[in-house]
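Notes to accompany the following structure.
In what follows, chains are A, B, ... by sequence order, proteins preceding strands, each numbered from 1.
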Amino acid sequence: MNFAMNTPHNSTRMHPHKFTMWIATGSICMMFAGLTSAYIVKSNQENFLEFSLPIIFWLSTLVILTSSATMYIALKSFKARMRNRYRLFITLTALLGIVFATMQVVGFLNLENHGIALVGYKSNAAASFILVIVGLHALHVLGGVVALLIMFAKAFSSKIKNYNSTPVEVVSIYWHFVDILWIYLLMFLVFIR
Amino acid sequence: MSNEAVLHANIGEAHDVHSNHQTHHHETFITKYVFSQDHKMISKQFLITGMVWAIIGGLFSVLFRLQLGFPDTSFPWLEDILGKWWAEGGHITPQGYYALVTIHGTVLVFFVLTAGLSGTFANFLIPLQVGARDMASPFMNMLSYWFFFIAGIIMLASIFVETGPFSGGWTAYPPLSALGDTSPGSKIGMDLWLISLALFVVSSLLGGLNYIATILNMRTKGMSMTRMPLTVWAMLFTAILGVLSFPVLFSGFILLIFDRNFGTSFYLSDIFIASTNTALPNEGGSAILYQHLFWFLGHPEVYIIMLPAMGMVSEIISVNTRKPIFGYIAMVGSLFAIATLSFLVWAHHMFVTGLNPFLGSIFALLTLLIAIPSSIKVFNWLTTLWRGSIRFSPGMLFALGFVSMFISGGLTGIWMGNATIDIHIHDTYFIIAHFHLVMGVASIFGMFAGVYHWFPKMYGRYMNTTAAYIHFWITLIGAYLIFWPMHYTGLAGMPRRYYDYSIWESFKQFAELNKSISIVVIITFLTQFLFIINFFHSIWRGRKVTSTNPWKSNTLEWTTPINPGHGNWPGEIPEVYRGPYDYGKDGIDFIPQTTPIGAEESGHH
C-alpha cells in the first residue's frame with residue numbers, strides 16, 4: 001500500500017520518504033547535541049580527565065569517508081541501471097560500515113588498555129562520554145548497515161525487478177549523514193578537551 | 001534531490017497506486033483491526049489505548065487521594081484488592097503512595113496526553129484535513145502505535161513486580177533513579193520504567209516524523225500552508241517539538257542507564273546510602289546535568305500536550321459559532337512563538353537548584369514572554385465567540401471548558417515564571433494546581449472536545465448528548481473544586497509529594513479541605529465512566545449519521561463518505577480553493593474549502 005506517491009502534483013515536491021529521512025537526521029542531530037552539550041557542561045567542571053584520543057579513530061575516519069564514496073557510486077550505478085556495479089558497491093559500503101564499527105570498538109579497547117576506564121567505578125566521565133557518544137554513533141552506522149543488507153537482499157533477488165531509486169536514495173542520505181556526523185563528533189572531541 | 005528520480009519513481013509505481021486505493025480486496029481481521037496501516041484505524045487504536053491508560057492513571061490518583069484525604073481511616077478492602085505491598089492494613093503504604101504518584105504522572109503525561117491526544121488526533125485529522133490518502137509512511141505509522149503499545153505493556157508489568165514500580169517522581173531525577181539501593185521502586189521497577197519510556201520515545205519519533213512529512217509533502221492541490229485548518233498547524237508544531245526534544249530526553253536516559261548499570265559517574269558524586277550503610281566511589285558527576293537534559297524535553301513536552309488541544313479548540317469554536325476564527329495568521333504566529341519559546345525556558349523548572357540568579361532572570365523573562373502568544377490565543381478565541389451564533393454541542397462545551405481552564409491555570413503561570421515568587425511556591429500544591437489546570441485538565445478537555453466533535457467522522461454515529469452534558473458539567477465543576485483550593489494550600493507552603501499532612505502542625509488545618517478534595521476526586525473520576533460507556537455504546541448503538549457533513553463544517557474531512565475506507569476518498573482527492581474558515585461570508589452560512597471562489601465573492605484569501 002503506497003499512498004505516498006499519490007498526491008496530484010508530487011513531481012515538484014521531494015518524495016515524502018526522503019523528506020522524512022531529512023527530518024529524522026535533524027532528530028538524530030538533537031540527540032547528539034544533547035550529549036555534546038552535556039559534555040561541554042561536564043568539561044567545565046573539576047575532575048574532568050584529560051587524555052588524547054586513540055589514533056585508530058583517525059583511521060576509522062578514512063574508512064567511513066571511503067564508504068561514503070562507495071555509497072555515492074552505488075547510487076549512481078543504480079540510477080544508470082548498472083545492476084552489477086550497484087551490487088558490488090552496496091556490498092562494499094556495508095562491509096566498510098562493519099569495519100568502521102569494529103575499529104571504533106578497537107579504539108575503546110585501546111583506551112582501556114592504557115588504563116583509561118570507560119565504565120565502572122574507576123571511570124571518569126570524560127572517558128565514559130567517549131564510549132557513549134562514539135558508541136551511539138557506531139550503533140547508528142550499524143543501523144545503516146542493516147538497511148544496506150535489506151537493499152543487498154533486494155539487489156540479489158532475481159524475482160523483483162525494481163527501478164524505483166527512492167529507497168536507495170533514502171539509505172544514501174542516511175549514510176552520508178552518519179559520515180558527516182562522525183566528522184563533527186571527531187572534531188568536537190578533538191577540540192573541546 | 002534529483003527530480004528525475006522522483007519522476008521516474010512515479011512512473012514505476014503509478015499502476016500500483018491507482019489499482020490500490022479503491023478496490024480494497026480481502027482485508028483480514030488482523031490487517032484491518034490489529035496491524036492496520038490505515039491512519040484512521042491507528043488513531044482509534046491510540047484513542048482506546050489512551051483511554052485505558054487514562055482510567056489506570058486516574059484510578060491511581062483516586063487511590064493516593066484516599067490516603068491524603070483520609071490518612072487515619074482504614075479501608076480493609078484496599079488490602080484485599082491491592083495486596084500488602086500497596087495497602088497494608090487498609091492504608092496506602094508509603095512505598096505504595098510514592099509509586100502511585102510517580103506512575104500517575106508518567107502515565108498521564110506520556111501515555112494519555114502525548115500518545116492518547118496527539119497520537120489520536122494527529123493521525124486522524126492530518127491526512128483527512130490536508131487531503132491525503134494516508135500518512136507519508138503508513139508502515140512507520142503502524143510501528144509507532146505498536147512501540148507505544150509495548151511501552152505500555154512494560155509499564156503495566158512494572159506495577160506487578162515484587163519491589164513495585166518506580167517511585168521517585170515522574171521526572172526520575174538521579175540519584176534516586178540511578179541507584180537501586182535508594183528505594184524499592186528504584187530496583188527493577190526503574191529498569192522497566194526506562195525501557196518503557198525509551199520505547200515510547202521511539203514511538204513518538206516515528207509518529208512525529210510521519211506527521212511532519214505528511215503535512216509538508218502530501219497536501220492536496222490548492223491546500224497551501226495558509227489554507228490549512230489550525231488543527232493541522234497545531235499538529236505540525238507539536239510534531240516538530242517532539243522530534244527535536246524527545247531525542248534530548250533519550251540522551252539523558254542513555255547516560256542514566258550507564259550510571260545505573262555500568263558504574264559510570266555522569267550524574268553521581270559523593271553519595272552515602274543509609275539503607276546499606278555504604279559510601280559510593282562515584283565522583284565528579286552532577287545530578288543537575290540530568291535536570292537540564294530532562295527539562296529540555298520536559299518543557300516542550302507540556303506544549304506537545306497543549307498545542308493539539310489548542311488547534312482542535314480553535315477549529316471547534318469556529319465551526320460552532322458559525323464565524324471565521326478571529327485572526328487566523330495571529331493564531332498561526334502565536335503557535336509558532338509558543339513552540340519557539342518552549343525551547344528557551346527549561347531552566348524555570350530549576351530556579352531552586354542553585355542556578356545563577358542572573359541566568360534565572362533571563363529564563364524568567366523568556367518564560368513571561370510566553371504570556372504574549374498565549375494571551376493572543378485567548379483573545380482570539382473570545383473574539384471568535386463574540387456575537388457568534390453559538391451551538392452548544394458537547395464538543396463546543398468542552399472547547400469552552402478548555403479556554404476557561406487555560407485562562408485560570410495560565411494566570412498563575414505568570415506568578416510562577418518569576419524566579420522570586422517561584423522560590424516560595426516551588427514544589428508546593430500551588431504548582432500542582434497550576435499545571436493540572438493549565439495543561440492537565442485543559443488538554444483533557446481538548447481531548448474530550450475532539451472526541452465529541454469528530455466521533456461522527458470516526459464511527460459514523462453520534463454520541464449521546466444528554467450523557468455528554470452531564471459529563472461536561474460534573475467534570476468542569478469537579479476540576480475547579482479539586483484544583484482551586486490547592487492554590488491556597490500551596491501559598492500556605494504545603495509541599496507536594498508528602499505522604500501524610502496530618503502529622504504536620506502547619507498543615508493540620510487543611511485536613512477537612514483535603515478530605516473534600518478527595519471526595520470530589522472520587523465523584524469526578526466515576527463520572528468519567530459515563531463518557532466511557534457513552535463512547536463504547538455509541539460505537540455500536542449510537543444514532544446513525546445520515547449526512548456527510550453533520551456540523552456544516554468547511555474542512556476536507558467532511559467531504560469523505562460517512563464511513564471512509566482506506567484511502568479516504570473513493571474518487572479523486574478534492575481540490576481546495578479557499579481557507580477553512582469561510583463561515584457567514586457574504587451571508588452564506590458556510591462555504592466548504594472545495595467550493596471554487598465565486599465571481600461575485602467579496603475579498604478572499
Side-chain angles (χ1 to χ4, degrees), chain A residues 1-24 26-38 41-42 45-49 79 117-129 131-133 136 162-166 168-169 173, chain B residues 1-10 12-14 16-17 20-21 37 132-138 140 205 209-210 212-214 216-221 243-248 250-252 254-255 258 262-266 280-286 289 292-293 296 566-567 573 575:
Chain A
M1 205 113 13
N2 192 347
F3 293 123
M5 295 310 303
N6 202 12
T7 43
H9 54 314
N10 53 8
S11 56
T12 55
R13 285 188 193 158
M14 191 188 285
H15 190 286
H17 292 174
K18 260 166 39 181
F19 189 80
T20 309
M21 180 45 79
W22 281 108
I23 315 165
S27 187
I28 297 172
C29 280
M30 283 306 288
M31 179 167 71
F32 283 96
L35 289 170
T36 49
S37 52
V41 171
K42 249 356 332 200
Q45 291 170 349
E46 70 268 28
N47 191 19
F48 198 73
L49 192 68
K79 283 183 185 166
L118 300 175
V119 291
Y121 285 132
K122 285 192 180 123
S123 65
N124 186 284
S128 310
F129 262 121
L131 175 66
V132 170
I133 295 175
L136 209 55
N162 199 342
Y163 298 108
N164 178 8
S165 69
T166 309
V168 190
E169 283 181 65
I173 292 171
Chain B
M1 289 295 91
S2 88
N3 257 330
E4 317 108 72
V6 176
L7 284 173
H8 171 63
N10 254 335
E13 287 187 12
D16 228 28
V17 169
N20 236 331
H21 58 79
Q37 297 192 20
R133 298 230 179 258
D134 204 314
M135 287 285 176
S137 170
M140 266 169 63
L205 290 178
L209 293 174
N210 243 328
I212 300 174
T214 309
L216 295 183
N217 273 281
M218 295 179 58
R219 299 190 309 278
T220 183
K221 200 169 179 195
V243 160
L244 294 181
S245 64
F246 270 114
V248 179
F250 197 71
S251 57
I254 291 168
L255 299 184
F258 269 78
F262 304 114
T264 54
S265 309
F266 293 113
L280 296 186
N282 300 71
E283 251 184 78
S286 148
L289 180 62
H292 279 292
L293 290 171
F296 190 84
H566 195 184
I573 302 179
E575 196 176 334

If I take atom [atom1] from residue [X] and atom [atom2] from residue [Y], how far apart are they, to the nearest 0.5 angstrom?
{"X": "B:Leu293", "Y": "B:Phe266", "atom1": "CG", "atom2": "CZ", "value": "11.0 Å"}
{"X": "A:His17", "Y": "B:Asn210", "atom1": "NE2", "atom2": "CG", "value": "8.0 Å"}
{"X": "A:Thr20", "Y": "A:His15", "atom1": "OG1", "atom2": "NE2", "value": "9.0 Å"}
{"X": "B:Gln37", "Y": "B:His566", "atom1": "CD", "atom2": "NE2", "value": "7.0 Å"}
{"X": "B:Asn217", "Y": "A:Lys18", "atom1": "CG", "atom2": "NZ", "value": "10.5 Å"}

Side chain, backbone, both or neither: which part of [X] has a heavy atom under 4.5 Å from chain A?
{"X": "B:Leu244", "value": "both"}
{"X": "B:Ile212", "value": "both"}
{"X": "B:Leu289", "value": "side chain"}
{"X": "B:Glu283", "value": "both"}
{"X": "B:Phe258", "value": "side chain"}
{"X": "B:Phe250", "value": "side chain"}

Could you check A:Leu131 against B:Phe262 for side chain to side chain contact (heavy atoms under 4.5 Å, CB included), going step by step and ending with a plain yes or no? CA-CA 11 Å; A:Leu131 175 66; B:Phe262 304 114; over 6 Å; no
So what's closer than 4.5 Å to chain B heavy atoms on [X]: side chain, backbone, both or neither?
{"X": "A:Leu136", "result": "side chain"}
{"X": "A:Ile28", "result": "neither"}
{"X": "A:Phe129", "result": "both"}

Measure the shortest side-chain to side-chain distance between B:Phe296 and A:Met30 over non-hydrogen atoms and say whether it is less than 4.5 angstrom. yes
